[in-house]
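Sequence lines set the chain letters: A, B, ... in the order given, protein chains first and strands last, and positions in each chain run from 1. Since the structure is predicted, the reported quantities are computational estimates derived from the model, not experimental observations.
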2 protein chains.
Amino acid sequence: MARLSFREQVLRVREDAIVQSVNRLLAEKGFDAMTVDEVAADVGIAKASLYKHFASKEALAAAAMVRVLERALQVIEAQAARPSASAFDCLREVTRWTLQTQLAGEMPSLPSQNSSLRGTLIEDKAYVNLVMEVSERLGQWIVQAQQDGSLTSQLPPEVILYTLYARACDPVVGFLKAGGQHSDEQIVDWVLTTCLDGLAART
Amino acid sequence: MARLSFREQVLRVREDAIVQSVNRLLAEKGFDAMTVDEVAADVGIAKASLYKHFASKEALAAAAMVRVLERALQVIEAQAARPSASAFDCLREVTRWTLQTQLAGEMPSLPSQNSSLRGTLIEDKAYVNLVMEVSERLGQWIVQAQQDGSLTSQLPPEVILYTLYARACDPVVGFLKAGGQHSDEQIVDWVLTTCLDGLAART
DNA sequence: GTCTATAGCCAGATAGAC
DNA sequence: GTCTATCTGGCTATAGAC
């Protein structure tokens, strides 16, 4: 990769700061409640300057999603590098990271109904490629874990994949945290248990 | 209860129509995307007339929540009237109703972050009483099912209660329906399985 | 590229006649 | 209570100077 000029490095650092703010605000308030004014204030620049970097509010959200998907892929690759870990172990640890990220207030959440937002996302090649890459990697682990008998074969891989994705916006995490009675680690363990072991007693 | 005058009956029918529209629109688009203009158009009256019946958009949402909680309580009571049903059976069937209602596009969904909405809800005695009543009834079944060994005792009743409530906004239902490949009944069964049996294989 | 100032729009809520 | 017409505020996005 070519070396970046000083100007380009400054640009990149600034955009990183913007996306980081967007990420936090999306996690905290959601897409609709987040305003571009807030983002600008949080970054410490004028709103008009934001629009020099990103074309729209939707583009800001897309950048935040790309960021979190890149992190997810890093976590996936870190798990894949553990020789002693089974496919089931890898899925559990990636899901644990998802819950921890949500609990830390760093998991952006977007409304799935918003059509202009959907449009921006599917036009974003980086976003689409990352979703496909992450789904592909998780899908391979799912099939493998079903074959070795650690994941149930009663559900299609698709259902299992969606169920794991859904942990990124599981409201149970927020309810338990709002109660203030339990440690983050305890909350993550409980939600992981409901997800993997279910609510019915295991004999 | 005193007989209602004709005028009062007309009023009640109209308000029922309003709340029904709100319920459907909340299920379809969510609170933020739903506009009061849409509600008025859907009911077939002027927006100003809506505000004679309900003080604010938040009050409309609260009325829809009261309506769905009343229905939930009816379902709970229908289950409680089945002498042969175990506590676990009752919980499963109430959860099934929740998923079916969501799948039918009749489960209103509210953003849990919105503070003015939260304020309106907790000021609404009917809403608060219904939430408490539903939680109480489900809580009793949960404790009973844990005692008879059909529900896991590894999780606090609170965690199980929240996990069941969360089925009302489980995004997996919408993902699977959007795929268009599966019947509603199949989707409900799969999500019930993930919830009660978990993703890990049962030996 | 950064800023201040503002355009343009939309949605919640209300005024006032009937 | 219902309507039409309007107010009001907040938000996205942009113009234009520096």
For B:Gln144 and B:Leu151: C-alpha separation, side-chain torsions, deciding distance, then whether side-chain contact (heavy atoms from CB on, under 4.5 Å) applies. CA-CA 9 Å; B:Gln144 195 175 331; B:Leu151 266 191; over 6 Å; no
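- Contact check, B:Ser49 against D:dG1: no side-chain N or O comes under 4.0 Å of OP1 or OP2.
- Note on B:Arg7: nothing from the nucleic acid sits closer than 4.0 angstrom, heavy atoms only.
- Here D:dC11 presents its C1' atom at 13 Å from NZ of A:Lys29, a figure rounded to the nearest Å.
- If you check C:dA13, D:dT12, D:dC3 against the side chain of A:Lys47, the one that comes closest is D:dT12.
- Taking five base pairs at each end of the helix from C:dG1-D:dC18 to C:dC18-D:dG1, the local helix axes there meet at an angle of 20°, rounded to 10°.
- Checked for salt-bridge contact, B:Arg82 and B:Asp89 miss the test: no charged N lies under 4.0 Å from a carboxylate O.
- Ion pairing of A:Asp189 with A:Arg96 is present here, as a side-chain N (NZ or NE/NH1/NH2) and a carboxylate O approach within less than 4.0 Å.
- Here the P atom of nucleotide C:dG1 and the CD atom of A:Glu8 are 9 Å apart, to the nearest Å.
- Separating the CE atom of B:Met34 from the C1' atom of C:dG12 is a distance of 11 Å, rounded to the nearest angstrom.
- Between B:Leu50 atom CG and D:dG1 atom C1' there is a gap of 12 Å when expressed in whole angstrom units.
- Rounded to an integer number of Å, the gap from B:Asp37 CG to D:dT6 P is 16 Å.
- When rounded to the nearest whole Å, the span between CD of A:Glu15 and P of C:dG1 equals 9 Å.
- The nearest whole Å value for the distance from the CG atom in B:Asp32 to the C1' atom in D:dC11 is 13 Å.
- In terms of phosphate contacts, A:Lys57 brings a side-chain nitrogen or oxygen within less than 4.0 Å of OP1 or OP2 of D:dT12.
- No donor-acceptor pair under 3.5 Å is formed between the side chain of B:Glu93 and the backbone N or O of B:Gln79.
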side-chain contact (heavy atoms from CB on, under 4.5 Å) assessment of B:Arg67 paired with B:Gln20: CA-CA 9 Å; B:Arg67 177 189 148 104; B:Gln20 189 175 348; 3.8 Å; yes
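- The distance from atom NE2 of A:His53 to atom C1' of D:dT12 is 18 Å, rounded to the nearest whole Å.
- Within the 4.5 Å cutoff, the side chain of B:Tyr162 has heavy atoms near those of the B:Glu158 side chain.
- Note on A:Thr35: only backbone sugar-phosphate atoms sit closer than 4.0 angstrom, heavy atoms only; bases stay farther off.
- OP1 and OP2 of D:dG1 both lie 4.0 Å or more from every side-chain N or O belonging to B:Arg14.
- With D:dG1, C:dT2, C:dA15 as the choices, the nucleotide that has an atom nearest any side-chain atom of A:Lys52 turns out to be C:dT2.
- Each of A:Ala33 and A:Ala48 lies near DNA chain D, and the nucleotide nearest A:Ala33 is the one positioned closer to the 5' end.
- Salt-bridge annotation for B:Glu8 and B:Arg12: absent, with no side-chain N of the basic residue lying under 4.0 Å from a carboxylate O of the acidic one.
- Applying the 4.0 Å criterion to OP1 and OP2 of C:dT14, one finds that B:Tyr51 has every side-chain N and O outside that range.
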